[in-house]
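Keep in mind that this is a model prediction, so the values were computed, not measured. Whatever order the structure lists ligands and atoms in, that order sets their numbers, starting from 1.
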Amino acid sequence: MSKSILVANWKNHPSSLNEAKSLLNRLSRQSKLYKKLSFFIAPPLSYFESVSSRSKNFVHLASQDIFSSIRTASHTGEVTPDILKSFGVRLSIIGHSERRAMGETSADVSEKVKTALQSGIIPLVCVGEISKDQDGEHFEFLREELELSLAGLKRKNDISRLVIAYEPVWAIGKHAEDAVEPTDLSQSVMFIKKILTDMFGRNMAERIPILYGGSVEPGNANNLLHETGIKGFLVGHASLDAKSLGVIANSLISK
Ligand code: 13P
């Protein structure tokens, strides 16, 4: 993806279809802005139809998770990659910390990444340490999480379609002043690039975009983009406010 990437993770919001539709209407007033980005919305499944029908011309649909298999056997409660694709889903968030907190392991994540790739869906693989740490211990955590989550990937064609999101868990769901500092972010991004280089070689690693997520708001978007090496944002709460998301999108465009 040559353009900057903006992924709006709506999580389990807004709380009604009507609110979702009115948010989409407000976002569509800035469609010209969003067309300058690779812009994805990952809504709750029940809003897929509305997002894909109302905003096709400026948004790509994303899912917040993916089932770990392309098997066609019956699995009550699961949504298969084929169903996701039938709505036009192009990207799946995989290994979000809120799913890992419910028991998803990095081994599960690696299965899901492979399933996404087999299905022609871009895997957006989330990694990030759980608590804030001053001693650099989170680097080892990050290494292990990345190596296990991306285990078994060998084909150049697969590796070149990966996108990574660095989302330190301690920074999620707070405010701009609680997000990661740009200097710490650039160190983590450098470290992630080093791990990817160790795993896949420099040429392939350089092609993997790294996004940042965790309390991205209008007040910190510019700073987070300043020489930190990130290619875009994975935005939670601020993506539910059209004005805030517009400011964040503008930061990405003018970076
Ligand atoms: P917030 O932007 O609300 O911190 O959420 C980040 C996130 O979890 C996006 O996936």
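At least one donor-acceptor pair under 3.5 Å links the side chain of Thr105 to the backbone N or O of Asp108. At least one donor-acceptor pair under 3.5 Å links the side chain of His96 to the backbone N or O of Glu98. Checked by atom type and distance alone, the side chain of Tyr212 pairs as donor or acceptor with a backbone atom of Gly214 at under 3.5 Å.
Aromatic ring orientation, His175 versus His237: perpendicular (interplanar angle above 60°, classes split at 30° and 60°).
Ligand 1 has a nitrogen or oxygen under 3.5 angstrom from a nitrogen or oxygen of Glu167. Here's the thing with Gly213: none of its N/O atoms is less than 3.5 angstrom from an N/O atom of ligand 1. At least one N or O atom of Gly236, backbone or side chain, sits closer than 3.5 Å to an N or O atom of ligand 1. Geometrically, ligand 1 and Lys11 share a nitrogen or oxygen pair separated by less than 3.5 Å.
Numbered from 1 in the order shown, with element, the atoms of ligand 1 that lie under 4.0 Å from a heavy atom of Gly173 read 1 (P), 3 (O), 4 (O). Ligand 1 places these atoms under 4.0 Å from at least one heavy atom of Gly214: 4 (O), 6 (C). Within ligand 1, the atoms closer than 4.0 Å to a non-hydrogen atom of Leu234 are 9 (C), 10 (O), numbered from 1 in the order shown. Of all atoms in ligand 1, numbered sequentially from 1 with element shown, those under 4.0 Å from a heavy atom of Ser215 are 1 (P), 2 (O), 4 (O). Which parts of ligand 1 touch Asn9 is read off a 4.0 Å heavy-atom cut-off, strictly below it: atoms 9 (C), 10 (O).
Under the 3.5 Å distance criterion, with hydrogens and angles disregarded, a donor-acceptor pair is assigned to the side chains of Ser15 and Glu19. Looking only at atom types and distance, the side chain of Ser149 has a donor-acceptor partner in the side chain of Arg100 under 3.5 Å away. If you check the side chains of Ser68 and Thr115, you find no donor sitting under 3.5 Å from an acceptor.
Within the 4.5 Å cutoff, side-chain heavy atoms of Leu162 are placed close to those of Pro123.
Regarding atom 1 (P) of ligand 1, its nearest protein heavy-atom neighbour is His237 ND1, 3.5 Å.
Heavy atoms of Ala238 come nearer than 4.0 angstrom to ligand 1 in no pair at all.
When heavy-atom distances to ligand 1 are checked against a 4.0 Å cut-off, Ile172 comes that close through both its backbone and its side chain.
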